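Taking it in order: structure first as structure tokens, then the write-up.
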Amino acid sequence: QVQLVESGGGLVQAGGSLRLSCAASGLTFTGYAMGWFRQAPGKEREFVAAVSRYSGSKYYADSVKGRFTIASDNAKNTVYLQMSSLKVEDAAVYYCAASRAVATTRELYEYWGQGTQVTVSS
């Protein structure tokens, strides 16, 4: 059974930082691309970042480039999202997801975590 479990969300002031973690089990971690998405109330779930397990290439939404960094630890079957210079508009539920190939569209991701809430105060 595949499980993706996010952690690390919370309340932070604008300009602050948070690191989200996503622990994967039940799949061959190195065989999947991992992505982060987010969904704010009343909005569509949107792509944030992804990392290709094959090439190590990383992809980011324009809105987070230069502020967020995705990284993975094969030994721990964990992918991270380091978020810096947070803005009020970054507040959302953040989800990690696994896909057979790196992608920026949510429809291509097979497995999803339950999400972790990130709240950014002004």
Side-chain angles (χ1 to χ4, degrees):
Q1 181 182 0
V2 175
Q3 280 195 314
L4 302 178
V5 180
E6 303 96 335
S7 61
L11 172 64
V12 63
Q13 284 191 327
S17 299
L18 277 178
R19 188 178 78 158
L20 306 183
S21 300
C22 173
S25 62
L27 53 75
T28 304
F29 188 68
T30 53
Y32 283 80
M34 299 298 294
W36 285 96
F37 289 74
R38 66 186 182 187
Q39 188 168 17
K43 294 189 176 181
E44 295 287 320
R45 191 171 299 189
E46 64 176 3
F47 170 75
V48 175
V51 57
S52 167
R53 306 304 305 140
Y54 178 73
S55 67
S57 298
K58 300 176 181 181
Y59 304 85
Y60 297 95
D62 288 342
S63 58
V64 307
K65 278 180 184 175
R67 301 188 299 119
F68 291 12
T69 302
I70 188 169
S72 61
D73 185 333
N74 288 350
K76 295 182 178 180
N77 282 3
T78 299
V79 63
Y80 303 96
L81 185 68
Q82 178 67 47
M83 307 185 294
S84 302
S85 302
L86 280 160
K87 304 176 181 180
V88 171
E89 52 264 40
D90 292 319
V93 177
Y94 282 72
Y95 299 88
C96 74
S99 173
R100 296 279 183 175
V102 68
T104 60
T105 53
R106 65 178 187 269
E107 289 80 8
L108 296 180
Y109 283 80
E110 297 178 52
Y111 302 107
W112 291 84
Q114 292 299 306
T116 186
Q117 177 72 52
V118 171
T119 304
V120 184
S121 63
S122 57

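Here, residue 1 is the first one in the sequence, and each next residue gets the next number. Note that this is a predicted model, so its numbers are computed, not measured.
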Sequence neighbours left out, cut at 3.5 Å: what donor-acceptor pairs do the side chains of residues 75-86 make with other protein atoms?
from: Thr78; atom 1: OG1; to: Lys76; atom 2: O; distance (Å): 2.8

* **Contact summary for Cys96 and Glu6, nearest pair of heavy atoms** => N-OE2, 2.9 Å
* Asked: Is it true that Asp90 and Lys87 make a salt bridge, defined as a side-chain N closer than 4.0 Å to a carboxylate O?
  -> no
Identify each donor-acceptor pair in which a side-chain atom of residues 14-27 lies under 3.5 Å from a protein atom, sequence neighbours left out, and give them as a table.
none

* Structure fact -> For Ala40 and Ala92, the nearest pair of non-hydrogen atoms, with its separation, is N-CB, 3.8 Å
Residues 106-114 side chain polar contacts: donor-acceptor under 3.5 Å, at least two apart:
from: Arg106; atom 1: NH1; to: Arg45; atom 2: O; distance (Å): 3.0
from: Arg106; atom 1: NH2; to: Glu44; atom 2: OE1; distance (Å): 2.9
from: Tyr109; atom 1: OH; to: Ala103; atom 2: O; distance (Å): 2.6
from: Glu110; atom 1: OE2; to: Arg100; atom 2: NE; distance (Å): 3.2
from: Trp112; atom 1: NE1; to: Tyr109; atom 2: O; distance (Å): 3.4

* Those residues that, when tested against Lys43, pass side chain to side chain donor-acceptor pair (under 3.5 Å) (two or more places apart) -> none
* Structure fact -> Ser121 meets the side chain to side chain contact (heavy atoms under 4.5 Å, CB included) criterion, sequence neighbours left out, with Leu11, Gln13
* Structure fact -> d(Glu89 CD, Arg38 CZ) to nearest 0.5 Å is 8.0 Å
* Asked: Who passes side chain to side chain contact (heavy atoms under 4.5 Å, CB included) against Val93, sequence neighbours left out?
  -> Tyr95, Gln117
* Asked: Atom CD1 of Ile70 and atom CH2 of Trp36: how far apart are they, to the nearest 0.5 Å?
  -> 8.0 Å
* Asked: Going hydrophobic residue to hydrophobic residue with side-chain gaps under 4.5 angstrom, can you get from Val5 over to Val118?
  -> no
* Structure fact -> To the nearest 0.5 Å, atom OH of Tyr60 lies from atom OG1 of Thr104 at 14.0 Å
